Amino acid sequence: MNVRHSISELSFDELHTKLEQWGHSRYRAGQLIGWLYKHNAVSFDLMSNLPKQLIAQLSEEYDCCSLSVVKTITSGEGTVKYLFQTVDGQYIEGVSMPDGDLRHTVCISTQIGCPWGCLFCASGKHGFVRNLSVGEIVDQVRLMSSNQPISNIVIMGGGEPLMNFKQLEAAYRIFTDDAAYAIGKRRVSVSTAGYVPGIEQLIRSDIRPQLAVSLHAPTDDKRSQVLPINHKYPINKLMETCKKYAQLSRRPVSFEYIVIPGFNNGDDDARALVKLLKKYPAKINLIPLNPVEGFSYRCPTEEEVYEFQSMLLSAGFVVTIRWSKGQDIGAACGQLRSAQSQSDL
Ligand code: SAH
């Protein structure tokens, strides 16, 4: 079968070459890029200043978008959760979080499923299916940009971004390119469960996103209980690699720490975390546990989160709290996709 590609699979160089091969002037590629990534057009027919012949050539060979929106759910506070479907019938999720007129953060996925199987996370519950293509990564942003321009992208949806490095790198270039989204290089964050070879690859590459690492526990013993990846890449190795990236990017790495009451929020945990992180350039981002099926711990109260935060603040760290947006619509990682897959069965 001859699989049709989406136009968003092509790099800007490839778009220029293609249009030249078809006999169009150079500036037409710039116009097309503008339609795709500034106006977020999802149909070639909308591209009113392109010649009819070019629109026909594009429609003949490519899809304009690699995803369709299956469902959106809007929370009371304006967070919109998107369920997308790929051409091969898989589901992925994205979340749009507008904050006033100035800020609009979107959270996007990089894989279908996830290989890590972290115990508290819905994304890996059904295992790993496949990597997303660059078009599928970028098209989540295109489809979520319709109402308000995007200021920040967090690559923290389904999957492990650093295991899909080539596509991640290509998407990052589109996000930061002035001809497309022109998002500040540090306003693109990449979160990893601690895949050390991926961080090393980031160090060797020339892209410099803000790095966020899912730490979630201060000792190997505890971390291995909830993040199986820790058996392979223990904390020491992870921290040394993060330090190199922090030096290179001249920005502290942000360490995510899910507050799981009765598991990792005691005084001893705070002390161990301080001891660990004080040797490194680090920020801490606390995440209250979101409820997830099959993980028996309860969610923390606000007081429990603030209490843990204050122990870290008094040690001199910058400690932010990521209050869950859209909890009322099940916006925790992988929940919507999980529900959809089950209803498909
Ligand atoms: N694989 C990457 C990115 C995806 S998860 C990673 O592990 O970092 C994005 C963040 O949400 C991670 O910090 C992850 O640990 C966290 N997360 C997953 N399930 C959660 C839950 N039930 N409650 C709170 N945070 C969760």
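Atoms within a ligand are numbered from 1 in the order they appear, just like the ligands themselves. Residue numbers start at 1 and run along the sequence shown. Model, not experiment: these values are computed from the prediction.
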Taking every non-hydrogen atom, the tightest pair across Pro281 and Lys243: CD-CG, 4.4 Å
Check ion pair Glu61-Arg4 (N to O, under 4.0 angstrom): no
Flag if over 12 foreign heavy atoms under 6.0 Å of CZ, Arg187: no
Contact atoms of ligand 1, heavy-atom distance to Glu160 under 4.0 Å: 1 (N), 2 (C)
Nitrogen or oxygen atoms of Phe120 and ligand 1 under 3.5 Å apart: yes
Proximal candidate to atom 13 (O) of ligand 1 [heavy atom criterion; set Ser214, Cys118, Pro288]: Ser214
Neighbour count >12 (heavy atoms, 6.0 Å) for atom CD, Glu169: yes
Heavy-atom proximity to atom 26 (C) of ligand 1, best of Thr192, Asn290, Ile258: Ile258
Option nearest atom 14 (C) of ligand 1 (shortest heavy-atom distance, choices His216, Glu256, Met156): His216
Parallel, tilted or perpendicular: rings of Tyr257 and Phe308 (30°, 60°): parallel
Under 4.0 Å to a heavy atom of Cys121 - the qualifying atoms of ligand 1, by number: 18 (C), 19 (N)
Pairing of Asp139 and Arg142 as salt bridge, 4.0 angstrom limit: yes
Winner among Ser191, Gly159, Cys114, Ala193 once heavy atoms are compared against atom 1 (N) of ligand 1: Gly159
Non-hydrogen atom of Gly157 closer than 4.0 Å to ligand 1: yes
